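I have placed the structure first, in the form of structure tokens, so that the comments after it can refer back to it.
Just so it is clear, the structure is predicted and the values come from calculations on it, not from any experiment.
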Amino acid sequence: MTMLAEKYADRIQAAFAKYPDKRSAVMSLLYIAQEEYGWVSPEGIAEVAELCDMDPTQVKSIAGFYTMYSEKPKGKYWLQVCTDLPCALKGADEFHAWLKDYLGVEEGGTTEDGLFTVEHVMCLAACDKAPMLQCNFHYQENLDVEKMKALIEQWRAESAAEARQAPKSQD
């Protein structure tokens, strides 16, 4: 039994129940793997393949095709700024450039503390609310510099609180 099968048995069974064939649940299970590992890792691909009775190469090709799956490690907060034309006309390009500069990262880069990865994406279907981004698939809309600074500080505080509450390992 895979680690995902043990830890997420209920969610996996719910995904399987939605489809007539196990293979059809592959995308749902890839989300679970990405949530667990922070990216679609080789281990996650192997586990999903086993759960769906598929070849790992088939699962990897699905993960590689869709932009919602990351095939490399990301920060805890995956910030995807829409820079498609309608958003760009509302300042998204400048906002994206400011965000990278503020966090000290290049495109697709992750902050030294491992908290934030910044990327641009095309069309998140919220053109009327630009500049906007999605953070871990949750939209943040009508952004400006001050709102974004507040969000970053909120996420940093949440992460620090989680770290303080995490059980200490016994050496």
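Annotation: the span from I32 atom CD1 to Y8 atom OH amounts to 8.0 Å, rounded to 0.5 Å.
Counting all heavy atoms, side chain and backbone alike, G44 lies closest to Y37 at CA-CE1, 3.7 Å. Here the closest non-hydrogen pair linking A5 and L51 is CB-CD2, 3.8 Å. Nearest heavy atom pair, residue F95 against residue D144, reads CE1-O, 3.9 Å. Across C82 and C123, no two heavy atoms sit closer than the pair SG-N, 3.4 Å. The heavy-atom pair separating L124 from Q80 by the smallest distance is CD1-O, 3.6 Å. Of all the heavy atoms in A33 and V48, the pair that sits closest is CB-CG2, 4.0 Å.
T117 places no side-chain N or O within donor-acceptor distance of the main-chain N or O of K74, the cut-off being under 3.5 Å. Counting only distance, with no hydrogens or angles, the side chain of K90 and the backbone of D128 share a donor-acceptor pair below 3.5 Å. With Y69 contributing its side chain and I62 its backbone, the two residues share no donor-acceptor pair below 3.5 Å. At least one donor-acceptor pair closer than 3.5 Å links the side chain of E47 to the backbone N or O of M3. The backbone N or O of M68 sits less than 3.5 Å from a side-chain atom of Q34, completing a donor-acceptor pair. Side-chain atoms of D84 do not come within 3.5 Å of backbone N or O of V121 as any donor-acceptor pair. Looking only at distances, a side-chain donor or acceptor of K147 sits under 3.5 Å from a matching main-chain atom of N142.
No continuous path of hydrophobic side-chain contacts links W39 to V118 [ILVMFWY only; heavy atoms under 4.5 Å].
Looking only at atom types and distance, the side chain of E119 has a donor-acceptor partner in the side chain of W78 under 3.5 Å away. E36 and Y31 share no donor-acceptor pair across their side chains, judged by distance under 3.5 Å alone.
By the 4.5 Å heavy-atom criterion applied to side chains, R11 and E35 are counted as neighbours. Residues F116 and I152 are in side-chain contact: their nearest non-hydrogen atoms beyond the backbone lie under 4.5 Å apart. Using a 4.5 Å heavy-atom cutoff, the side chains of V26 and V59 are in contact.
Few gaps surround NZ on K100; more than 12 heavy atoms of other groups in view lie less than 6.0 Å from it. Atom CD of E106 sits in a sparse spot, with 12 or fewer heavy atoms from other residues, nucleotides or ligands closer than 6.0 Å. Within 6.0 Å of atom CD in E162, more than 12 heavy atoms from other residues, nucleotides or ligands are found, so the atom counts as buried in its surroundings.
Shown are D21, I12, L29; of these, the side-chain contact (heavy atoms from CB on, under 4.5 Å) with C52 is made only by L29.
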